[in-house]
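Input: a single structure, listed below in structure tokens.
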Number of protein chains: 2
Amino acid sequence: MKVVVVDDDKLVGVSLKTILEASGEVQVVGIGCSGQDAIDLYRHHKPDILLMDIRMSSMSGLDAAEIILASDPAARILFLTTFSDDEYIIRALKMGARGYILKQNYESIVPSLKAVYNGQSVFGDDIVSRIPDMLQKNRKPDFSKYGISEKEAEIIALVAEGMNNKEIASALYLSEGTVRNYLSVILEKLQLRDRTQLAVFYYKNQ
Amino acid sequence: MKVVVVDDDKLVGVSLKTILEASGEVQVVGIGCSGQDAIDLYRHHKPDILLMDIRMSSMSGLDAAEIILASDPAARILFLTTFSDDEYIIRALKMGARGYILKQNYESIVPSLKAVYNGQSVFGDDIVSRIPDMLQKNRKPDFSKYGISEKEAEIIALVAEGMNNKEIASALYLSEGTVRNYLSVILEKLQLRDRTQLAVFYYKNQ
DNA sequence: GATTTCAGATGACAATTGTCACATTCTTAT
DNA sequence: ATAAGAATGTGACAATTGTCATCTGAAATC
């Protein structure tokens, strides 16, 4: 498995070469320290995988990846990051990168490379754990932590469907006044001002 | 690395045991062929990873995973599938599974297991390529098709943040009355009744 | 130059909304 | 049996909201 490593910090590049080659299954055919290096090394060596830092002083890893993927959409690019920065990761995903690994997590680098080599994509749990939330459009949020009762939650859900008090009342077989009272309590508990903020809260916490 | 393997087809379970243990790094401590087996084996052996088929005749792997994850959210569950079925995969993601591997792809099983063991999550490229689209949803919706102008869209966005008319007016340097007029037009264009429905509409079309 | 268009504003109005204080049940625990 | 509590309801009130007809001034169009 031929790999090109690109990291802003040259020392990291060399260390990685040592670590990776110690596995006996990876051959580091090039080490670079800028986005431009990444492009040049990739085009010259055509490695199986390009392992690259996201943040680099000269050209960002993302920009480099964009250029590489534009000319070779099959390029397997795996990012190395220090922190999992949402914005970056999502941009990386969009452009078709194969994942990212936290630098701290040395032991997982070789297995991750192999998984990518075999056509998988690899991500840290922190990102993956957020994906479901992003995908999930129709689930009811859990408001119990705010001391919201079952009935109150029902009303919240109806407000979040755009119903007015009269409609909610008739849907739940309550008087309109009761619905108002409930709503008043709900707003107090959630520290919100009006039903629109409640709907917003609902969807932002969905 | 202790692994429990569960597959509808007993032969697959045994074959996997052979393949996995040949690597010298995996110890298959249990083989099952139903969702119930998965639950029992998981609770008994507390393996590092549960490798499980999604489709099984008696209890689906997803149902079993749900039960296991309910009592042990840290459980590392990796699904084996024959085809990458969107619905299933997304449900698996939602409940916190660590990924899935196509059965055909024998070579990638061991590396994927190791990546998961090291805290990563692993997915086939087909799913990953769809995630960006799903994530894309967190951007401002495009209302132009409803004949909504730039300014109107601004107001919609502020309503969707929960602002009242006075706040919107001061944010956009308009009079409150103007904001009301805008809103009135917006509601007319979108065939909605009030600002709450507008906020709801915003998030549903996000 | 006259006219139309458009963004913004005003004021009036009714409807809806949120708040509050106070009833009325009905259940439950003491 | 009584007190406490919920769940539900009422009426009054002010604030916010949505609608509408109308006005202004500037820019664009003719």
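Lettering of chains follows the sequences in order, A, B, ..., and the numbering in each one begins at 1.
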Between protein and nucleic acid, restricted to nucleotides 5-7 of chain D and to nitrogen or oxygen atoms under 3.5 Å apart, what atom pairs and distances do you find?
none

Would you tabulate the pairs of protein nitrogen or oxygen atoms and nucleotide nitrogen or oxygen atoms of nucleotides 23-25 of chain D closer than 3.5 angstrom?
none

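Residues B:Val200 and A:Ala199 come closest through the heavy atom pair CG2-CB, 4.2 Å.
Direction change of the helix axis from one end of the helix from C:dG1-D:dC30 to C:dT30-D:dA1 to the other is 30°, with five pairs defining each end axis (rounded to 10°).
Note on B:Asn181: a base of the nucleic acid sits closer than 4.0 angstrom, heavy atoms only.
Side-chain N or O atoms of A:Arg55 include none that pairs as donor or acceptor with a backbone N or O of A:Thr81 at under 3.5 Å. Side-chain N or O atoms of A:Thr178 include none that pairs as donor or acceptor with a backbone N or O of A:Leu174 at under 3.5 Å. Using a distance-only test at 3.5 Å, with no hydrogens or angles considered, a donor-acceptor pair links the side chain of B:Glu152 to the main chain of B:Ser149. Side-chain N or O atoms of B:Gln197 include none that pairs as donor or acceptor with a backbone N or O of B:Leu192 at under 3.5 Å.
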Would you please test B:Leu51 and B:Ile109 for side-chain contact (heavy atoms from CB on, under 4.5 Å) and show each step?
-> CA-CA 10 Å; B:Leu51 187 59; B:Ile109 297 182; 4.2 Å; yes

Given the rule in the side-chain contact (heavy atoms from CB on, under 4.5 Å) test, do A:Gln120 and A:Arg98 qualify, once you have shown the distances and angles that lead to the verdict?
-> CA-CA 8 Å; A:Gln120 304 292 112; A:Arg98 298 307 178 91; over 6 Å; no

side-chain contact (heavy atoms from CB on, under 4.5 Å) evaluation trace for A:Val179 with A:Ser175 = CA-CA 7 Å; A:Val179 173; A:Ser175 81; over 6 Å; no

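Mapping heavy-atom proximity under 4.0 Å, the span of DNA chain C touched by chain A runs 5' to 3' from C:dT17 to C:dC20.
Under the side-chain contact (heavy atoms from CB on, under 4.5 Å) criterion, A:His45 pairs with A:Val4, A:Val29, A:Leu41, A:Pro47, not counting sequence neighbours. Scored by the side-chain contact (heavy atoms from CB on, under 4.5 Å) test, A:Val110 finds A:Leu20, A:Ser23, A:Lys114 as partners (sequence neighbours excluded).
No side-chain heavy atom of A:Met56 sits under 4.5 Å from any side-chain heavy atom of A:Asp37. A:Asn165 places a side-chain heavy atom less than 4.5 Å from the side chain of A:Leu183.
Centroid-to-centroid, the aromatic rings of A:Tyr203 and B:Tyr203 come within less than 6.0 Å.
With the nearest nucleotide of DNA chain C identified for both A:Leu187 and B:Val179, B:Val179 has the one nearer the 5' end.
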